[in-house]
Structure formats: structure tokens, C-alpha cells
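Remember, it's 1-based here, ligands and their atoms both numbered in the order they're listed. These numbers come from the heavy atoms of this one structure, side chains and all, not from hydrogens, waters or symmetry mates.
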Amino acid sequence: MGKKSLAVIGAGMAGIGAARVLADAGFRVVVFDKSRGLGGRCATKRWEGHSVDHGAQYFTMRDAEFAHTVRSACGGDLLEIQAPIVDEVGRELPSAGRFFHAKGNNRLARALAEGLDVRTGVAIEAVENRRVGEEEFDFILSTAPWPQTAKLAGISSVQNPYAPCLAGLFLYEGGRLGLSATRYAVSDRSGQALAWSACENHKPGRVGEGFTVMIAHASEPFSRARLEDDPACWVEDLRVLVEERWEIPSSAFRAMHPHRWRYARISQKMEIPSLPDGWHFAGDLLGESRVESAWLAGLEAARRILAGA
Ligand SMILES: Cc1cc2nc3c(=O)[nH]c(=O)nc-3n(C[C@H](O)[C@H](O)[C@H](O)COP(=O)(O)OP(=O)(O)OC[C@H]3O[C@@H](n4cnc5c(N)ncnc54)[C@H](O)[C@@H]3O)c2cc1C
């Protein structure tokens, strides 16, 4: 019997997690991603000479298998955030180990994908009879957010269970300005416009000497209300909020960059309808909106495929 084959759509944590298990089990595995790099929402941007995580800020390692895999793949590049995260009134939030990759969180996926056949810059527009481009596969695993997966699988009446998130990157002249000297992030759950703001300087090596880089994530109501607006307008609003919250003088401001996450986090759970023969779906939607959870969902899908192969 020949090798079984699998096409994975999406080189985020779920796709890479699944691809690794099935490649190790002897499958011919090809991973396709429409982006130039790996990692999906576990994303890092090289910006103004600094490396900024504009998607997942850090990852947890509560699951022993995930922790072991990440430690083996990242070695000395696996670091832990030391400074506190506080809430909107300045109370320190409990920490259960918040990890990051020294060179950018997208490097986590890259490290885990070592040796896999990953083809980036390839947007899968259609899959017919498990044919992707010129190649035919025994199995298709889509890890693209559900609305995109449903479209590819030809399933209509699509639900969108994700909330968007508008993100802003802000550059200031001067090292660790304002309150960023003593805290890593503020997590505001009160529903105000600014849900998350953090200082990237707390990840050693990411920000050049003499600068402060802040990252902001808008709340779900703000992100939904402003999703289709001109980014130049909402990123300016986020800038003002960041400077107020962190007591950073606007005279130190140098540059900003908006990023729109259309499918950022799960806002409602849903039952996944049955998929065409040979198709599978994985992603954070099957668990929680966390890097670790997406990887575990990929593993789970791989084991389902193995069981049915
Ligand atoms: C702003 C933000 C902040 C977050 N903060 C944290 C955090 O601090 N800690 C944490 O643990 N988690 C955080 N998360 C959640 C975490 O990033 C996600 O849960 C996780 O990365 C999802 O992984 P995934 O593999 O399921 O999906 P994705 O990472 O979305 O991967 C799907 C991939 O599919 C690709 N794709 C889609 N359509 C196609 C197509 N047609 N053809 C080819 N490729 C396609 C995409 O390019 C993408 O790379 C955050 C997410 C966001 C957006």
C-alpha cells in the first residue's frame, strides 16, 4: 500500500501541529498557507527596525505534551515574561507562565515546522475531489478560520463564530516610557475601547535601544463597530488611549501601524457541520482562542485522521 497523503490548509499552530504528527506517522504531508510566513495569528511584524508580536502576545504551556514539544523545538529561544500584567485599575493579575519566542512568536511555528513541506504564499481558492492545484490527496485538513473553510468545502449558510480585533503598533522615542518601566501589560475587561495594551520592550532583544514600542488591541465592541472604517482613524483613537493609560507623552510619538484581525478570537461556540468525504477541520474554534489550544486541536485532528486511515 502506498503512502497516505494529506494537504493541510493553514500553517498556523493547528496546521503545523497536525502536519507534524502525520508526517511522523509516514504520511506524505504538504502544508499550504496564503501568507508569506508561518504562524497565522501567532504573528510577528518586523516594523521600523523592531520585532513586534501583533497577534498572540504570549503563549501558555499548561499541557505537558505541548510544553515538551515547544521546549525541544525552541531551546534557549523560549523565554518567559517577567513583568506583571495589571487590570484597568492597576491590580496585578495572577501569572501562570507567559512564554514567548526570543525572535518573535511566529518563530514558534517555524521551529515546530522544521523539516515539513510547507508552501507559503499559496492561497487555496478551490478544492475539488481532494485535488489541490495539480496534486490529489487522500485527506484534506483545513485549519483556515471556519467561514473560509466552509467556503472551500462548499458548505453554505455560514456562521461566523469569531470576533474581530483591531490592533495598533506605536513607536516612541525614549526607552521604557511612562508606566512601561514597571509593567508589561494592562488587560482591561471593563468593555472600554482599549482591551489590551502592552510594552514590547519587556521581550528582550525585540526593541532597539532608546525606543519604546507599544501594542494595543481594541475591545470586541470597538472592533466590531469600526471594522470597516478607515484604519487611519481608529489607530489614531487607539494611540490617544494608549498614551493616556501608560502616561506616555505624545511628544515622544514617532510612528504607528494598524492591523485588522477579521477572525481574531472565538466569540461563540458552534457545532461543525459534516464535511465532504476525506475532509477534516481543526483550529482554536474547537477549543479556546489560545496558541496552545490551537496546537492541541491540530493534534486531535491528526489522531482522528490516523484512526480512519
Ligand atoms: C490579536 C490577537 C491576540 C491574541 N493573543 C493571544 C495570546 O496572547 N495568547 C494566546 O495563547 N493566544 C492568543 N491569540 C489567539 C491565538 O493566536 C490563536 O488562537 C491561534 O494562533 C489560532 O491558531 P490556528 O492554527 O487555529 O489558526 P490561524 O493562526 O488563524 O491559522 C490559520 C492559517 O490559515 C491560513 N489560511 C486561511 N485561508 C487560507 C487559504 N484559503 N489558503 C491557504 N491558507 C489559508 C491563514 O493564513 C493562517 O495562517 C490571539 C489572537 C489574536 C488575533
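Of the candidates L152, N105, D33, it is D33 that places a heavy atom closest to atom 35 (C) of ligand 1. Proximity annotation for atom 38 (N) of ligand 1: of Q148, R290, R119, Q148 comes nearest, heavy atoms only. Within the set R41, R262, E292, M61, the minimum heavy-atom distance to atom 29 (O) of ligand 1 is found for R41. Atom 8 (O) of ligand 1 has its nearest heavy-atom neighbour, among R98, Q57, R36, in Q57.
Ligand 1 has G39 within reach: a non-hydrogen atom of the residue lies less than 4.0 Å from it. At least one heavy atom of S35 sits closer than 4.0 Å to an atom of ligand 1. L38 does not count as a contact of ligand 1, since none of its heavy atoms falls under 4.0 Å from the ligand.
Polar contact check, Y58 against ligand 1: a nitrogen or oxygen pair lies under 3.5 Å apart. Between C165 and ligand 1, a contact under 3.5 Å exists for no N or O pair. Considering backbone and side-chain N/O atoms, M13 comes within less than 3.5 Å of an N/O atom of ligand 1.
Checked against side chain to side chain donor-acceptor pair (under 3.5 Å), D138 has the following partners two or more places apart in sequence or in another chain: S5.
Cluster annotation: W196 is not connected to V235 through the hydrophobic network of ILVMFWY side chains, with a link wherever side-chain heavy atoms come within less than 4.5 Å.
Taking the six-membered ring for Trp and the full ring otherwise, H54 and W261 have centroids separated by under 6.0 Å.
Evaluation of the ring-ring contact (aromatic ring centres under 6.0 Å, His included) test over residues 61-91, restricted to residues two or more places apart or in two chains, returns F66-W295.
The protein atom (non-hydrogen) at minimum distance from atom 20 (C) of ligand 1 is A294 CB, 4.0 Å.
Each of the following atoms of ligand 1 lies closer than 4.0 Å to a heavy atom of A123: 42 (N).
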